[in-house]
Asks: 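First the structure, then my questions, so here it is.
Heavy-atom basis, side chains included; hydrogens, waters and symmetry copies ignored. Treat the numbers as computed from the prediction; the structure is a model and nothing was measured.
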Amino acid sequence: QVQLVESGGGLVQAGGSLRLSCTASGRTFSMYYMGWFRQAPGKEREFVAAIGRSSHTAHYGDFVKGRFTISRDNAKNTVYLQMNSLNPEDTAVYYCAARGLPGLLVGATDYAYWGQGTQVTVSS
């Protein structure tokens, strides 16, 4: 099993940037495919980005449009989400997720482990 803890959320003005971090427990972090999802009030959980076991492969949700970058540091058991050009529509709770099987998958049910989430609020 792996336990995930997100950090880095907060309040930012439109056009600003935030970097989210997700730190995992355990010694096998490098074996997991990692993902970021978000959920706004009244909406379903939405795929943001996923990254392979190294940083060589990544996949993004259509809405990202080059604004976000997912990366990982296996030595630090941490995955990051750099978010630039934020707009109010990006306001949501952002969740980190992990799956042990291969695949940059976009469905929330494809990930077995979840963090508690971190709130991102973008003001206009």
Asks: The test is side-chain contact (heavy atoms from CB on, under 4.5 Å); show your working for Ser7 and Thr118 and say whether it passes.
Replies: CA-CA 6 Å; Ser7 61; Thr118 186; 5.8 Å; no
Asks: Quick check: do Arg67 and Asn87 have side-chain heavy atoms less than 4.5 Å from each other?
Replies: yes
Asks: Just to verify, what does Ala98 make a side-chain contact (heavy atoms from CB on, under 4.5 Å) with, not counting sequence neighbours?
Replies: Val2, Leu4, Tyr32, Met34, Tyr113
Asks: Quick one: does any side-chain atom of Glu6 pair with a main-chain N or O of Gly117 as donor and acceptor, under 3.5 Å?
Replies: yes
Asks: State plainly whether one hydrophobic cluster holds both Tyr95 and Leu86, where clusters connect Ile, Leu, Val, Met, Phe, Trp and Tyr through side-chain heavy atoms under 4.5 angstrom apart.
Replies: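 Per the 4.5 Å side-chain linkage, Tyr95 and Leu86 are not co-clustered.
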Asks: Are Val64 and Val122 connected in the hydrophobic side-chain network, where two residues link if heavy atoms are under 4.5 Å apart?
Replies: yes
Asks: Might you point out which heavy atoms bring Asn84 and Ser17 nearest each other, and give the distance in Å?
Replies: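 Shortest heavy-atom contact: OD1-OG, 2.9 Å.
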Asks: For Arg99, enumerate each residue passing the side-chain hydrogen bond (donor to acceptor under 3.5 Å, both in side chains) test, keeping only those at least two apart in sequence or located in another chain.
Replies: none
Asks: Report the C-alpha distance between Leu104 and Thr57 in whole Å, list the side-chain angles of each, state the deciding distance to 0.1 Å, and finish with yes or no for side-chain contact (heavy atoms from CB on, under 4.5 Å).
Replies: CA-CA 8 Å; Leu104 299 176; Thr57 57; 4.0 Å; yes
Asks: When you compare the side chain of Trp114 with that of Arg45, does any pair of heavy atoms fall below 4.5 Å?
Replies: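 Yes, side chains in contact.
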Asks: Nearest 0.5 Å, please: how far is CD in Gln1 from OG in Ser25?
Replies: 9.0 Å
Asks: Can you name the residues that form a side-chain hydrogen bond (donor to acceptor under 3.5 Å, both in side chains) with Glu89, not counting sequence neighbours?
Replies: none
Asks: Linking I/L/V/M/F/W/Y whenever any side-chain heavy atoms sit under 4.5 Å apart, do Ile51 and Phe63 land together?
Replies: yes
Asks: Between CG of Leu18 and CD of Gln82, what distance do you get to the nearest 0.5 Å?
Replies: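 Reported to 0.5 Å precision, the distance equals 8.5 Å.
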Asks: Tyr111 and Tyr33: ring-ring contact (aromatic ring centres under 6.0 Å, His included), yes or no, with the steps?
Replies: CA-CA 9 Å; Tyr111 292 78; Tyr33 281 65; 8.9 Å; no
Asks: Which residues pass the side-chain hydrogen bond (donor to acceptor under 3.5 Å, both in side chains) test with Arg19, not counting sequence neighbours?
Replies: none
Asks: Less than 4.5 Å apart, any side-chain heavy atom of Arg72 and any of Tyr80?
Replies: no
Asks: Find out whether the Lys NZ or Arg CZ of Arg53 is both under 6.0 angstrom from the six-membered ring centre of Phe29 and within 45° of the ring's axis.
Replies: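 Geometry flag: not set, cation outside 6.0 Å or 45°.
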Asks: Find out whether Asp90 and Arg38 are in side-chain contact, i.e. whether some heavy atom of one side chain is under 4.5 Å from a heavy atom of the other.
Replies: yes
Asks: Of the non-hydrogen atoms in Ala49 and Leu81, which two are nearest, and what is the gap between them?
Replies: CB-CD1, 4.3 Å
Asks: Going from OG on Ser30 to CG on Asp73, what distance comes out if it is rounded to the nearest 0.5 angstrom?
Replies: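 The CG atom of Asp73 is 11.5 Å from OG of Ser30, to the nearest 0.5 Å.
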Asks: Once disulfide bond (SG atoms under 2.5 Å apart) is applied, what residue pairs with a partner in residues 54-93 remain, sequence neighbours excluded?
Replies: none
Asks: I'd like to check the side-chain hydrogen bond (donor to acceptor under 3.5 Å, both in side chains) partners of Thr78; sequence neighbours left out, ordered by chain and number.
Replies: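 Checked Thr78 against side-chain hydrogen bond (donor to acceptor under 3.5 Å, both in side chains); matches are Thr23.
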Asks: Give the minimum heavy-atom separation between Ser124 and Pro88, together with the two atoms involved.
Replies: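 The pair with the smallest heavy-atom distance is CB-CG, 3.8 Å.
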Asks: Are Thr91 and Val120 packed together at the side-chain level, in the sense that at least one heavy-atom pair is separated by less than 4.5 angstrom?
Replies: no
Asks: Might you point out which heavy atoms bring Tyr94 and Leu20 nearest each other, and give the distance in Å?
Replies: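 What the structure gives for the nearest pair is CB-CD1, 3.5 Å.
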Asks: Provide the closest heavy-atom pair for Phe68 versus Val48 in the form atom of the first, atom of the second, distance.
Replies: CD1-CG1, 3.7 Å
Asks: Around atom CD of Gln3, are there more than 12 heavy atoms of other residues, nucleotides or ligands at under 6.0 Å?
Replies: no
Asks: Below 30° counts as parallel, above 60° as perpendicular, anything between as tilted: where do the rings of Phe47 and Phe37 land?
Replies: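 Perpendicular, since the angle between the ring planes exceeds 60°.
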Asks: Do Cys96 and Val79 touch side chain to side chain, with heavy atoms closer than 4.5 Å?
Replies: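 Yes, side chains in contact.
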